[in-house]
Enquirer: 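Before we start, here is the structure in question, set down as structure tokens.
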Amino acid sequence: MLKPFPSLAAGPHPTQICWNGDEEERLIIALYTIAAVIMAAGSLYLAWRNRDFRKFLAGAFFVSSGILFYLYLADVSVPLLGTSFVETPRISGGRSIVHFTLFLLCLYFGFVKKLEA
């Protein structure tokens with residue numbers, strides 16, 4: 001006769017937490033928010049200090065604004081991974097405007113304007 005593993009016979013492991021759907025969604029949203037704040041702060045710090053990073057951001061914002069504008073024109077809704085939130089085409093359109101504005105700023109300060117030494 002086969003005996004079950006001791007960990008399975010004792011019940012669920014303490015690290016196996018049964019999450020409620022609402023609690024899990026709130027946790028994921030909080031993690032998304034924390035990650036966004038950390039990434040934004042790091043990007044702003046590097047962009048402030050490094051001209052080459054502003055050039056990189058100009059390209060990244062250009063591509064991002066183009067993709068978001070395409071999603072707006074194609075009327076595509078994008079779900080946020082792990083949550084029940086859905087980014088509507090209208091939100092994508094608004095974000096494409098913001099990203100294009102950031103592209104213009106990074107383009108100007110990265111390529112056009114020469115900083116005084």
Enquirer: Any link between I67 and I91 through a network of hydrophobic side chains (Ile, Leu, Val, Met, Phe, Trp, Tyr) touching at under 4.5 Å?
Expert: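 No, no single cluster joins them.
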Enquirer: Show me the pairs that pass ring pair (Phe, Tyr, Trp, His ring centres under 6.0 Å) and involve residues 57-77, at least two apart or across chains.
Expert: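 For residues 57-77: F61-H99, F62-F103.
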Enquirer: Linking I/L/V/M/F/W/Y whenever their side-chain heavy atoms sit closer than 4.5 Å, directly or via other members, would V63 and L71 fall into one cluster?
Expert: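 Hydrophobic grouping puts V63 with L71.
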Enquirer: Between CG of N50 and CG of L57, what distance do you get to the nearest 0.5 Å?
Expert: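 It comes to 10.0 Å.
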Enquirer: With distance as the sole test, does S64 use its side chain to make a donor-acceptor pair with the main-chain N or O of A60 at under 3.5 Å?
Expert: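 Absent.
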Enquirer: Look at the side chain of R51 and the backbone N and O of F111, then say whether any donor-acceptor pair between them is shorter than 3.5 Å.
Expert: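 Flag set: sc R51 to bb F111 pair under 3.5 Å.
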Enquirer: Scan L68, T101, L73 and name whichever one has a side chain to side chain contact (heavy atoms under 4.5 Å, CB included) with S96.
Expert: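 Testing S96 for a side chain to side chain contact (heavy atoms under 4.5 Å, CB included) against L68, T101, L73 leaves exactly one candidate, L68.
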Enquirer: How far apart are the closest heavy atoms of G110 and R54, and which atoms are they?
Expert: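 For G110 and R54, the tightest heavy-atom pair comes out as CA-CB, 4.0 Å.
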Enquirer: Measuring from T88:OG1 to D75:CG, what's the distance to the nearest 0.5 Å?
Expert: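 These two atoms lie 9.0 Å from each other.
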Enquirer: When Ile, Leu, Val, Met, Phe, Trp and Tyr are grouped by side-chain heavy atoms lying under 4.5 Å apart, directly or through other members, which residues fall in the same group as I38?
Expert: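 I38 clusters with I34.
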Enquirer: How close do P89 and S77 get, counting heavy atoms only, and between which atoms?
Expert: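 Taking P89 first and S77 second, the nearest heavy atoms are CD-OG, 3.5 Å.
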Enquirer: Between V112 and L105, is there shared hydrophobic-cluster membership here, with clusters defined by ILVMFWY side-chain heavy atoms closer than 4.5 Å?
Expert: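 Yes, same cluster.
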Enquirer: My understanding is that a hydrophobic cluster links ILVMFWY residues whose side chain heavy atoms are under 4.5 Å apart, including indirect links. Using that, what else belongs to the cluster containing L80?
Expert: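 Besides L80, the hydrophobic cluster comprises I28, I29, Y32, L81, F85, listed by chain and residue number.
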